[in-house]
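Notes follow the structure.
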Amino acid sequence: MDKYAHITEMENIMVEHNENLKQMNRILDSLDTQREEYRKLLTYYYSEQRDWDLDDDMKHLIPENVNRGVLSEDGIYDLMGEYRDTAIRMLEIAVRMIKE
């Protein structure tokens, strides 16, 4: 075995972690800048407008070519759960990272 193989191994670990952290920060930046849009989606979810849109959808008044995922029974609700679960996971991982 090469006497300095461990250096290459450690280099690879360092590079991979740097790349992962850069990617994570890009994603966090994106989520942070989209917070207002997410709040807008939640406001819509609980609004009368969505109720009216659901009613129009049930009456087949919305054209078929209009994507209506936001009108699905679970689309926004599931996103809210995923948002919460991901935030909790990020906190748990962050605590482990800090403690190491």
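In what follows, residues are counted from 1 in the order of the sequence shown. Computed from a prediction, not measured in an experiment: that's the story for all the values here.
- In this structure, Lys40 and Tyr45 have side chains that are not in contact, with every pair of non-hydrogen atoms separated by 4.5 Å or more.
- Among Val15, Ile13, Thr8, the single residue meeting the side-chain contact (heavy atoms from CB on, under 4.5 Å) criterion with Glu11 is Val15.
- In this structure, the side chain of Ser30 does not engage the main chain of Arg26 through any donor-acceptor pair within 3.5 Å.
- Looking only at distances, no side-chain donor or acceptor of Arg50 sits under 3.5 Å from a matching main-chain atom of Thr43.
- Considering CG of Asp56 and CZ of Arg68, their distance stands at 11.0 Å, rounded to 0.5 Å.
- Val66 and Trp52 fall into different hydrophobic clusters, where Ile, Leu, Val, Met, Phe, Trp and Tyr are joined by side-chain heavy atoms under 4.5 Å apart, directly or via other members.
- No single ILVMFWY cluster, assembled from side-chain heavy atoms under 4.5 Å apart, contains both Ile88 and Ile93.
- Residue-environment remark: CE (Met58) stays at or below the threshold of 12 foreign heavy atoms within 6.0 Å.
- Looking only at side-chain heavy atoms (C-beta outward), Thr86 and Leu31 stay at 4.5 Å or farther from each other.
- The distance from the CG atom of Asn25 to the CG atom of Asn20 is 11.0 Å, given to the nearest 0.5 Å.
- By the 4.0 Å N-to-carboxylate-O rule, Arg39 lies close enough to Glu36 to be salt-bridged with it.
- The pair Asp55-Lys59 meets the salt-bridge criterion, with a side-chain N (NZ, NE, NH1 or NH2) lying under 4.0 Å from an Asp/Glu carboxylate O.
- For the atom pair Lys22 NZ and His17 NE2, the distance stands at 14.0 Å (nearest 0.5 Å).
- Side-chain polar atoms of Gln49 and Asp53 form a donor-acceptor pair below 3.5 angstrom.
- Remark: Ser72 OG to Leu54 CG distance equals 9.0 Å, nearest 0.5 Å.
- Here the straight-line distance linking atom CG of Asp32 with atom CD1 of Ile27 works out to 13.5 Å at 0.5 Å rounding.
- For Tyr83, the OH atom sits in a packed shell: over 12 heavy atoms of surrounding residues, nucleotides or ligands are nearer than 6.0 Å.
- Under the 4.5 Å side-chain heavy-atom criterion for ILVMFWY residues, no single connected hydrophobic cluster contains both Leu91 and Leu28.
- Hydrophobic cluster membership is shared by Tyr44 and Ile62, with clusters built from Ile, Leu, Val, Met, Phe, Trp and Tyr side chains linked at under 4.5 angstrom.
- Remark: Met24 CE is loosely packed, at most 12 non-hydrogen atoms of other residues, nucleotides or ligands lying under 6.0 Å away.
- The neighbour count for Asn18 CG, taken as heavy atoms of other residues, nucleotides or ligands under 6.0 Å away, is above 12.
- For the atom pair Met80 CE and Leu42 CG, the distance stands at 5.5 Å (nearest 0.5 Å).
- Follow the hydrophobic side-chain contacts under 4.5 Å out from Met90 and you never reach Val95; the two are in separate clusters.
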